[in-house]
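Scroll down for the structure; my scribbles are underneath it.
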Amino acid sequence: MERILYFPGCALKDQARGYEEASLAALAKLGYEVKELPRWNCCGTVYSLAQDELMRHVGPVRNLIRAQEEGADEILTLCSMCYNTLRRSARFVEDPESLRRINAFMDDEPDYRGGVEVVHLVQFLEEIGVEKLARAVVRPLHGLRLAAYYGCTLLRPKEVAVDHPDRPEILERLVSTLGAEPVLFPERVECCGAYLTVPRPDIVRERVGEILRSAGLAGAQALLTACPLCKFNLEERRPLGAPRIPVFYVGEALAWALGVREIPAEIGKLLSTGVTG
Amino acid sequence: MDEVEVKAQPKTGMVTVYIMGQAYRVPAGLTILKALEYAGFRLVRGVGCRGGFCGACATVYRLPGDYRLYADLACQTTVKDGMYLAMLPSTPAERRPYDIRKAKPRGETLLALYPELARCVACNTCTKSCPQKLEVMEAVQAALRGDVAKVAELTFDCLSCGLCTMRCPAEIPHYHVWQLARRLYGAYLAPKAEHLARRVEEIAAGKFDGELDRLVRLGKEELRELYKAREIEPE
Amino acid sequence: MSVYPEYMQESIQRVEETRPARMGTNFPRLPLAEQEELLRRYHPDYKPEGKRPLRVGASYGELVPHEVADLLEAYPLLDPEKIELSEVDYDVDVLVIGGGGAGTVAALWANEAGIPAERILIVTKLRHGDSNSIMAQGGIQAADKPHDSPAIHFLDVMGGGHFTNDPKLVRALVMDAPFIIKWHEELGVMYDKEPDGTMITIHGGGTSKKRMHSCKDYTGLEIMRVLRDEARNRGIPVLEFHPAVELLTDEFGQVAGAVVWNLETEEYKIVRAKATVLATGGWGRLHIQGFPTTNHYGATADGLVLAYRVGAKLRDLDAVQYHPTGAAFPEQIVGLLITEKVRGLGAQPVNARGELFVHPLEPRDVESAAFIRECLPPEKGGRGLGVVTPTGMVGVWLDTPMVDMIHGKGTFQRALSSIYRMYIRFGIDPTKEPILVYPTLHYQNGGVVIDEHGWTGIPGLYAAGEVEGGVHGKNRLMGNSLLDYNVFGRRAGLAAAGWAKKARLGRLTLRHVEKFVEELRRAGIPAARRSPILLPDYRGEKTLARVVDLL
């Protein structure tokens, strides 16, 4: 078994628990032993990096120090927001002056030496390779028209993008490998409204309406995301009249295809091969 | 108190402490609290149990040649030569009311009442300023993850002194959050004591009334006999 | 590196040498007659020169410690004639004096009984919760296990108090106990439990069954902060830094509120109340017979003074509780409480030679007397086997490393975290080295006479907690003070609410104070002392000699 160090993030320990469970089961099936960081703190969330303050990088870098303590040079994330925040901080401290200032501030921790890379699940799967992944698929999702919704955090800013920021294909490749039919739609890289869901739910409702209509017109039967906040907004801020398209995490679809999670009935009935594949 | 009377002060010399900027000579070996009184302060604020339980004597200080701002309890900290100190008379921190009978023992309850928890930047200043040496930041993190039981466990020894709250750049009122989490844990997540509920029912049903009525009427000698005959449960 | 000086380390070595032989054995419990002899010869209460009979008031002729008589026979702080009573600042149904455990419980149950939160007022000398309640470490008793019963609890309480208790109060104490614990459980108090919910209970001094419930060794803190939090949720108003300096009566002799005084702005306020609950706690800060104390800063017996002036009877004030195990070293923590739970978990008291000389869990007064006998020099009738510290304190060893040896590594730190933390701060690891202890002034056994509803016998005045007497007779057992304040706080709160619903107040007066002053004068007591004292004064003599009030 190959070992990989893993940063879960808060959402995956609370409202997005299913995402974590499905993903870890799938990775185990693929032969990876995923070890959770013994100590970790909130990534800081993407929102915190909206302000250009050194302080905002303290939380993410502290997690990189935790990974360094474990002797790892790579840390896996499932939540795209955690990925985004941690990876941006990893980039930020590539500048020696920034690294020096962060280390001076965190005098309670050993110095961060740099060099821990933050990897998202989709990148990790890409590294595993289409062939190996395809071999592991026991219940191909044949007949399912599956649309990947990237949102912002996997693609922007471009120095942390998991693929081309405007024309990504990485998730579609995964969808194909799992046996489903990838569906492209214009809104797949647009913002869902994110944190405005609290102060301005009206704006989010408008955004979510656009996204769902766009996906619906393209013929999507289900949406895939890697972001707990996108998922929440797509489900909870759907305006009246917008198509009701179910939303799943990337790791869930992976777990179905690898046979480590039951395929929900609403998806099973869409498969050309039926639920049992 | 005969021979066991406490002599005035240990004979280990004097040190200089700066109380709110003003220098005073006090005997070495005193706690900050006793040093203030020695110096002539009659305290009203900043003093409570004098034994490390109430959190009233939150104090911040610096030492010569050291940039750090230390935080501790005046009643549990020995003075050091050259110490610059000030006490915190009280901590302004808003507490949000709730109904324990209706609150859900989940992370969202903590975040709904104290959304500022999400402002934590994991700077760890709270942990560094805790006189009880609690893992305060870990507790904030557990709250963000919705792990109420972990918050309760990590913060059980909190004295609500307010030092972390005064130092927090995210402006979180920690001790109010901890209190909420502990009560949610105690009321909902901890297993219930069934023997306790049974005993309360038995008493309400009058099971022990007759026996107690009889005991109340007994004379001292009869009680002494019963007392001597008690069976002592082994250690 | 040990912070104990070399000669103390030598004594510790002897403690370590005798430890293997002591493990698993214990000193036999003393028969009643030997207990009484030990008390008579060594307990500070039995020194006649420490007390005098009261010369005025409802308990005329009763013996009380000089320090207490000095306050009860003192003149008022405020001249009754100079207080303006026509302008009422706070007009409430129930006034609770004291924001510790008893007061908070009384306020909660007055509210439960139908008095709206805004018609209740808690006034307190320091902050809400600053009290001895918050400092209690060891536990709270309740007979809630199947092999135990309220009747056995009753016998333990009566025996511990040497059968001087008021049996009706003891009945209320033991019968309400399980209900109180259940109430706490519902409010969210984190009691120590087994994974199946069974309460973890241990012995306390003088218990015949293991019924001591605890919350690590922060039992008092945990209960107090939950009660305070609940009072805050309900919006019960609290005036902090406002001690009561006198009770008010009306023209019919009913108690009708209090004069309170803002410690910071130094102005007085008039609180009119249909019912008043006195919950002012005890007297530790009077340092009776020069003993150090475990008590909080405000424990100055104010409630006794106020109640006595209004005509309440006092009882058992000749009995002072010295907790056997106050810290005796290092100097910084002298007098602070080392919970009985340390002995409950197996630590034995041993003398300078490492010899066990008393059962670790005798009733507190007996245990204290045994410690004093061990420490007094032979020419004073003692054994001279205490350890004298560099600052002149004396004490016996409490063999704390035994706790982890008996219950497994980590037990001490987990179950006694406050004690562990306190000693570690001052350089002593109690899991490796024993600690030095000596009796310390801990509790006011007696107090204001009450009935089982907390009523003092004076219309409109109720009392709960350490300020009242009779529950514990002349000696309280561990774990019954937290229980006392809950049981009688609740009963007093309910009774006060019931009274407030019916009471009709007349014109406010301080006539009772004037009458008391007349009585003092008739008894020929000079106006040299004033009370209540509100706060102790620990400023140095040099400072006090030169203090002048210029502002």
Side-chain angles (χ1 to χ4, degrees), chain B residues 1-7 10 29 31 37-38 40 42 44 47-54 56 76 78 95 97-100 132 152 156-157 160 179 182-187 190-197 199-200 203 208 211-212 215-216 220 223-224 226-228 230-233 235, chain C residues 126-127 130 134-135 144-146 149-151 154-155 158-159 163 167-168 171 175 178-179 181-182 186-190 193 196-199 203 208-210 218 221 225-226 229 232-233 263 289-291 296-297 331-332 334 336 375 377 380 391-394 417 422 425 537-540 543:
Chain B
M1 227 178 112
D2 297 321
E3 287 66 27
V4 297
E5 196 164 295
V6 191
K7 300 242 170 69
T31 59
E37 287 170 338
Y38 179 90
R42 189 170 192 193
V44 173
V47 58
C49 74
R50 307 173 72 100
F53 287 92
C54 77
Q76 297 289 298
T78 310
R95 179 189 172 281
Y98 58 96
D99 185 342
I100 189 68
Q132 295 285 85
F156 188 81
D157 293 5
S160 310
Q179 181 64 71
R182 285 191 305 265
R183 286 190 68 187
L184 290 175
Y185 179 82
K192 293 276 174 238
E194 285 170 27
H195 61 91
L196 174 64
R199 179 54 48 85
V200 172
I203 290 173
F208 303 98
E211 202 177 356
L212 265 298
L215 286 171
V216 165
K220 196 168 164 175
L223 280 174
R224 280 175 78 98
L226 286 175
Y227 181 76
K228 278 195 276 187
R230 290 171 314 154
E231 196 183 316
I232 310 272
E233 183 178 355
E235 308 287 332
Chain C
L126 298 168
R127 304 171 311 163
D130 284 348
I134 212 160
M135 304 180 72
D144 59 11
K145 294 283 176 79
S149 89
F154 180 94
L155 282 176
M158 293 296 295
F163 309 98
K168 285 203 283 299
R171 184 191 201 280
M175 289 287 265
F179 172 86
I181 307 287
K182 181 98 187 350
E186 285 161 11
L187 287 176
V189 171
M190 286 171 60
K193 292 176 177 181
D196 70 350
T198 303
M199 293 281 180
H203 270 302
S208 62
K209 296 287 179 284
K210 293 180 182 175
Y218 284 109
L221 172 67
R225 66 192 177 190
V226 167
D229 194 61
R232 287 173 176 170
N233 274 346
L263 273 171
Q289 294 198 34
F291 271 82
H296 85 112
Y297 192 51
E331 171 65 23
Q332 291 97 326
V334 163
L336 294 189
C375 291
K380 296 264 181 183
T391 59
M393 273 298 294
V394 68
S417 63
M422 180 165 90
R425 276 169 168 279
D537 195 343
Y538 295 122
R539 290 176 293 181
T543 305

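All values derive from a computational prediction rather than experimental measurement.
Within the 3.5 Å criterion, the main-chain N or O of Met199(C) finds a donor-acceptor partner in the side chain of Lys145(C). Using modelled atom types, no side-chain atom of Arg182(B) and backbone atom of Val226(C) make a donor-acceptor pair closer than 3.5 Å.
Of all non-hydrogen atoms in His195(B) and Pro146(C), the two that sit nearest each other are CB-CD, 4.4 Å. Annotation for Phe53(B) and Cys49(B): closest pair N-SG, 3.1 Å, computed over non-hydrogen atoms. Contact between Gly40(B) and Thr543(C) at its shortest, heavy atoms only, is CA-CG2, 3.6 Å. In terms of heavy atoms, Arg199(B) sits closest to Pro178(C) at CG-CG, 3.7 Å. The shortest non-hydrogen separation linking Gly186(B) to Lys192(B) is O-NZ, 4.2 Å.
In this structure, Lys209(C) has no salt bridge (Lys or Arg N to Asp or Glu O under 4.0 Å) partners at least two apart in sequence or on a different chain. Partners of Asp196(C) by salt bridge (Lys or Arg N to Asp or Glu O under 4.0 Å), not counting sequence neighbours: none found.
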Would you please test Tyr218(C) and Met190(C) for side-chain contact (heavy atoms from CB on, under 4.5 Å) and show each step? CA-CA 10 Å; Tyr218(C) 284 109; Met190(C) 286 171 60; over 6 Å; no
Could you walk me through whether Tyr297(C) and Leu126(C) pass the side-chain contact (heavy atoms from CB on, under 4.5 Å) test, one step at a time? CA-CA 9 Å; Tyr297(C) 192 51; Leu126(C) 298 168; 4.3 Å; yes
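For a residue to count as touching a neighbouring chain, one of its non-hydrogen atoms must lie under 4.5 Å from one of that chain's; by this rule Arg127(C) touches chain B with the side chain only. Contact of Ile181(C) with chain B is made through backbone and side chain together, with heavy-atom distances under 4.5 Å. Residue Ser208(C) touches chain B through both its backbone and its side chain, counting heavy-atom pairs closer than 4.5 Å. Only the side chain of Leu221(C) comes within contact range of chain B, with heavy atoms under 4.5 Å apart. Contact of Arg224(B) with chain C is made through backbone and side chain together, with heavy-atom distances under 4.5 Å. Contacts of Asp130(C) with chain B are made by side-chain atoms alone, with heavy-atom separations under 4.5 Å and no backbone atom involved. When heavy atoms are compared at a cutoff of 4.5 Å, Leu196(B) approaches chain C by way of both its backbone and its side chain. Within the 4.5 angstrom heavy-atom criterion, atoms from both the backbone and the side chain of Gln76(B) approach chain C. With a 4.5 angstrom heavy-atom cutoff, Arg425(C) touches chain B only via side-chain atoms. Within the 4.5 angstrom heavy-atom criterion, only side-chain atoms of Arg230(B), from C-beta onward, approach chain C. For Phe154(C), the part lying under 4.5 angstrom from a heavy atom of chain B is the side chain only. At a 4.5 Å heavy-atom cutoff, the contact between Gln332(C) and chain B is made by backbone and side-chain atoms alike. Of the two parts of Lys193(C), only the side chain, counted from C-beta on, holds a non-hydrogen atom closer than 4.5 Å to a non-hydrogen atom of chain B.
For chain C, the option among Gly52(B), Pro97(B), Cys54(B) with the highest count of heavy-atom pairs below 4.5 Å is Cys54(B). The candidate from Thr31(B), Leu223(B), Ile100(B), Asp99(B) with the greatest count of non-hydrogen atom pairs under 4.5 Å with chain C is Leu223(B). When each of Thr78(B), Leu184(B), Leu215(B), Val200(B) is scored by its heavy-atom pairs under 4.5 Å with chain C, the top score falls to Leu215(B). Ranked by non-hydrogen atom pairs under 4.5 Å with chain C, the options Arg50(B), Arg183(B), Glu211(B), Gln179(B) are led by Arg183(B). The residue among Asp157(B), Leu226(B), Ile232(B) with the most heavy atom pairs within less than 4.5 Å of chain C is Asp157(B). Put simply, of Glu37(B), Lys220(B), Arg42(B), the one with the most heavy-atom pairs under 4.5 Å next to chain C is Arg42(B). Residue with the most contacts toward chain B among Met158(C), Met175(C), Met422(C): Met175(C) (heavy-atom pairs, distance under 4.5 Å).
A salt bridge links Asp229(C) and Arg95(B); the closest N-O separation between the charged side-chain nitrogens and carboxylate oxygens is under 4.0 Å.
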